[in-house]
Amino acid sequence: MVNRFSINELLPPWVARIRPYPPGKPIEEVERELGHTAVKLASNENPLGPSPKAVEAVRKSLDRSHFYPDGSGYYLRRKLAEFHQLDMSQVILGAGSTDLIELVARTFLTAGDQGITSQSAFYIYRLAIEEMGAELLQTPLRENAFDLAAIAHAVTHRTKVIYIANPNNPTGRMVTADDMDRFLDALPPRVLVVIDEAYYEYVRQPDYSHSLDYVRSGRNVLVLRTFSKVYGLAGLRLGYGLGNPELIEALNRVRSPFNANSLAQAAGIAALDDREHVALSVESNTREMKFVTEELTLAGVRYTPSVGNFLLVDTGRDCEEDFIRLMHEGVIVRPMKLYGFPTSLRVTIGKHEDNEKFLEGLARIAKVPARGIKD
Ligand SMILES: Cc1ncc(COP(=O)(O)O)c(C=O)c1O
């Protein structure tokens, strides 16, 4: 007998409406399709790779892979607590910060609640809110940064969680510590603010975040950091959250028990000690960001100045077409239509030769008119 049942009938309506997150195209897939090598500047990964000390630590811990990980992540949490001068009870681990973004929503939101974030912000915030059947409110960006005043204004008695990316992805714009102070002071204390600082280590601006002060003073704030960016461990999936002990305890009720795996925990401990790798990565990013932005300026290509390790580049052309044309040039970037920038690409600042390849590819495709290329 033919089964006429569709699994979609089981979906709650809010899940049926979800558009899944489109990740950056994997390098192997592009190379397979094109038959030539490519550079990936699509997911804001560290072009210098992982810390060699972290790689060594992973090698050593592989032999113990038959054991479940330490579900409490004791040693890594202790190390993170020391590193940030906090108590272990203020630290929670995640399978990347994405895991923690979703954990917050799973812990606090249900149908009838509201979550707020900005338009054109990291896509996982809206997914996390939508997954729980909660109402998503999105305020517009102001000068391509989070508009904190607009968010404060949008808060209602049903608002439980606010997600802020600082700096924002994909625009690379930050809000200052003073602006964040004013914003938090203006909010009802019951609203939980998630301050996602995935690119924290790259930011050189002196008026940037002092978010750990909020944690120390017990505010209703969760600060998110990750090992995926400057530490170069995106593939191992490791992030962490810093918040007051009551908040961390609440999140631990819902956290998947072994969300940070043993290889990731070992790598994280070693990576935190490898300050040389962090310093080299930041130095390379600062130098190459200067190179890429100067070249774009010379070429008359518009971009949003960024404090992170990526740039939003407005070519003035259809970004999906530019994405495909650049892929044929051997450079994988990210089209930003989904984020509300139909003529912009987001490009990660890579190694010098990769950045040159991107700039050359961009110059070449600008000379040849698009012909409605499809994937
Ligand atoms: C603003 C922001 N938050 C979080 C993440 C996710 O990082 P993770 O790999 O730790 O899940 C990213 C990744 O691109 C990001 O841009």
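All heavy atoms count here, side chains included; hydrogens, waters and symmetry mates do not. Order of listing sets the numbers, starting from 1, for every ligand and every atom in it. Keep in mind the model is a prediction, meaning the values are calculated, not measured.
Stacking of Arg225 on the aromatic ring of Tyr240 is not recorded, the 6.0 Å distance cut-off and the 45° axial limit not both being met.
Residue contacts with ligand 1: Ala198 is included, with a non-hydrogen atom under 4.0 Å away.
For the residues Tyr199, Phe310, Phe227, the heavy atom positioned nearest atom 15 (C) of ligand 1 is part of Tyr199. Considering each of Leu100, Asp196, Ile164, the one bringing a non-hydrogen atom nearest atom 3 (N) of ligand 1 is Asp196. Compare Ile101, Asn169, Thr98 by their heavy atoms: the one nearest to atom 6 (C) of ligand 1 is in Thr98.
Every atom of ligand 1 is numbered from 1 in the order shown, and the set under 4.0 Å from a heavy atom of Thr226 is 8 (P), 10 (O). Atoms of ligand 1 lying under 4.0 Å from at least one heavy atom of Gly96, given by number and element, are 8 (P), 10 (O), 11 (O). Listed by number with element, the atoms of ligand 1 under 4.0 angstrom from any heavy atom of Arg237 are 8 (P), 9 (O), 11 (O).
Ion pair Asp213/Arg219 not flagged as a salt bridge, since none of the NZ, NE, NH1 or NH2 atoms sits closer than 4.0 Å to an Asp/Glu carboxylate oxygen. Contact check on Glu135 versus Arg158 returns a salt bridge, with a Lys/Arg side-chain nitrogen under 4.0 Å from an Asp/Glu carboxylate oxygen. In summary, Arg173 and Glu143 do not engage in a salt bridge, as defined by a charged side-chain N under 4.0 Å from a carboxylate O.
A donor-acceptor pair is defined here as one N or O able to donate and one able to accept, closer than 3.5 Å; such a pair exists between the side chain of Thr117 and the backbone of Tyr163.
The shortest contact between atom 9 (O) of ligand 1 and any protein heavy atom is with Ser228 OG, 2.6 Å. The protein non-hydrogen atom at the shortest distance from atom 12 (C) of ligand 1 is Phe122 CZ, 3.4 Å. With hydrogens left out, the protein atom closest to atom 14 (O) of ligand 1 is Lys229 NZ, 2.9 Å, a heavy atom.
Distance CD1/Ile195 to CG/Leu222: 9.0 Å, rounded to 0.5 Å.
Both the backbone and the side chain of Ser97 come within contact range of ligand 1, each with a heavy atom under 4.0 Å.
Under the 30°/60° scheme for interplanar angles, the aromatic rings of Tyr208 and Tyr200 are found to be tilted. Between Phe122 and Tyr125, the ring planes lie perpendicular to each other; the angle is over 60°, past the 30° to 60° tilted range.
Looking at heavy atoms from C-beta onward, Phe146 lies out of side-chain contact with Asn166 at the 4.5 angstrom threshold.
No N or O atom of Asn44 sits closer than 3.5 Å to an N or O atom of ligand 1. Checked by distance only, ligand 1 and Asp99 stay at 3.5 Å or farther apart across all their nitrogen or oxygen atoms.
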